[in-house]
Amino acid sequence: MHVQVVTFGLNGITEEQYHQTCDGATATFAALPGLLSKTWLRNADANTYGGVYLWRDRESYEDYVKGEVFKSIQNDPSLVNVASNDFDVFEDLTKATQPVLSIV
């Protein structure tokens with residue numbers, strides 16, 4: 001398993017406009033190979049938005065950051081200060097503290 005945290009600010013669009021755009025993109029994210037889940041983030045007071053991505057493995061994450069969907073996020077002028085951080089996971093500890101999720 002591999003985790004990615006992406007954050008950015010909105011530039012020239014409202015949160016409502018951003019939400020509408022994201023609503024139209026959910027199928028694209030759901031179809032990404034190796035993506036187990038995406039949690040959509042928002043902190044309107046700090047103009048910080050983004051997502052926490054749970055990837056099946058590092059290879060799936062690397063394919064995503066090299067692909068067109070992530071490049072479109074990085075190049076979108078309505079998103080500023082795009083940052084992406086990735087993390088390896090202690091799978092044994094995570095499995096013990098996530099009894100509702102099936103960690104493979």
Side-chain angles (χ1 to χ4, degrees):
M1 207 170 25
H2 201 76
V3 172
Q4 176 187 24
V5 179
V6 176
T7 58
F8 47 81
L10 303 183
N11 181 41
I13 63 171
T14 66
E15 182 176 301
E16 183 178 319
Q17 291 168 316
Y18 169 70
H19 187 275
Q20 289 173 347
T21 299
C22 293
D23 189 43
T26 56
T28 298
F29 285 99
L32 289 170
L35 183 65
L36 301 175
S37 73
K38 177 180 179 178
T39 301
W40 299 77
L41 305 175
R42 73 173 175 177
N43 180 338
D45 293 339
N47 187 30
T48 304
Y49 299 82
V52 177
Y53 299 71
L54 181 59
W55 296 100
R56 179 181 59 238
D57 51 35
R58 179 179 273 285
E59 182 181 357
S60 298
Y61 155 76
E62 290 174 352
D63 289 345
Y64 172 68
V65 297
K66 294 175 188 172
E68 293 303 313
V69 174
F70 188 62
K71 286 180 186 174
S72 71
I73 293 169
Q74 292 176 305
N75 296 324
D76 187 332
S78 65
L79 308 178
V80 294
N81 303 320
V82 176
S84 175
N85 294 289
D86 70 291
F87 302 88
D88 292 324
V89 174
F90 288 111
E91 292 190 26
D92 58 337
L93 299 175
T94 301
K95 185 176 181 178
T97 57
Q98 299 295 322
V100 180
L101 297 177
S102 174
I103 306 299
V104 278

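Keep in mind the model is a prediction, meaning the values are calculated, not measured. Scope of the values below: all heavy atoms of this structure, side chains included, with no hydrogens, waters or symmetry mates.
- Hydrophobic clustering (side-chain heavy atoms under 4.5 Å, transitive across Ile, Leu, Val, Met, Phe, Trp, Tyr) groups V65 together with L32.
- A distance of 11.0 Å separates CG of L10 from CG of N81, quoted to the nearest 0.5 Å.
- Between N11 and P77 the shortest heavy-atom distance is ND2-O, 3.0 Å.
- Pairing each heavy atom of A44 with each of E15, the nearest pair is CB-OE1, 3.3 Å.
- For the atom pair C22 SG and R42 CZ, the distance stands at 11.0 Å (nearest 0.5 Å).
- Partners of E59 under the side chain to side chain contact (heavy atoms under 4.5 Å, CB included) rule, at least two apart in sequence or in another chain, are D57, D63.
- The structure places OG1 of T7 at 7.0 Å from CG of N85, a figure rounded to the nearest 0.5 Å.
- Between the CH2 atom in W55 and the NE2 atom in H2 there is a gap of 10.0 Å [rounded to 0.5 Å].
- Under the 4.5 Å side-chain heavy-atom criterion for ILVMFWY residues, a single connected hydrophobic cluster contains both L54 and V5.
- A distance of 5.0 Å separates OG1 in T94 from CE in M1, rounded to the nearest 0.5 Å.
- Y18 and V80 are assigned to two separate hydrophobic clusters, defined by single-linkage of ILVMFWY side chains at heavy-atom distances under 4.5 Å.
- Cluster annotation: L36 is connected to V52 through the hydrophobic network of ILVMFWY side chains, with a link wherever side-chain heavy atoms come within less than 4.5 Å.
- Counting only residues at least two apart or on different chains, the ring-ring contact (aromatic ring centres under 6.0 Å, His included) pairs with a member in residues 65-100 are Y64-F70.
- By the salt bridge (charged side-chain N to carboxylate O under 4.0 Å, His left out) test, E62 pairs with R58, sequence neighbours left out.
- Annotation for S60 and G34: closest pair OG-CA, 3.5 Å, computed over non-hydrogen atoms.
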Dump the intermediate steps for side-chain contact (heavy atoms from CB on, under 4.5 Å) on L79 and Y49, then the final yes or no. CA-CA 9 Å; L79 308 178; Y49 299 82; over 6 Å; no

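- L41 and Y61 fall into different hydrophobic clusters, where Ile, Leu, Val, Met, Phe, Trp and Tyr side chains are chained together by heavy-atom contacts under 4.5 Å.
- Taken from OG in S84 to OH in Y53, the straight-line distance is 8.0 Å, to the nearest 0.5 Å.
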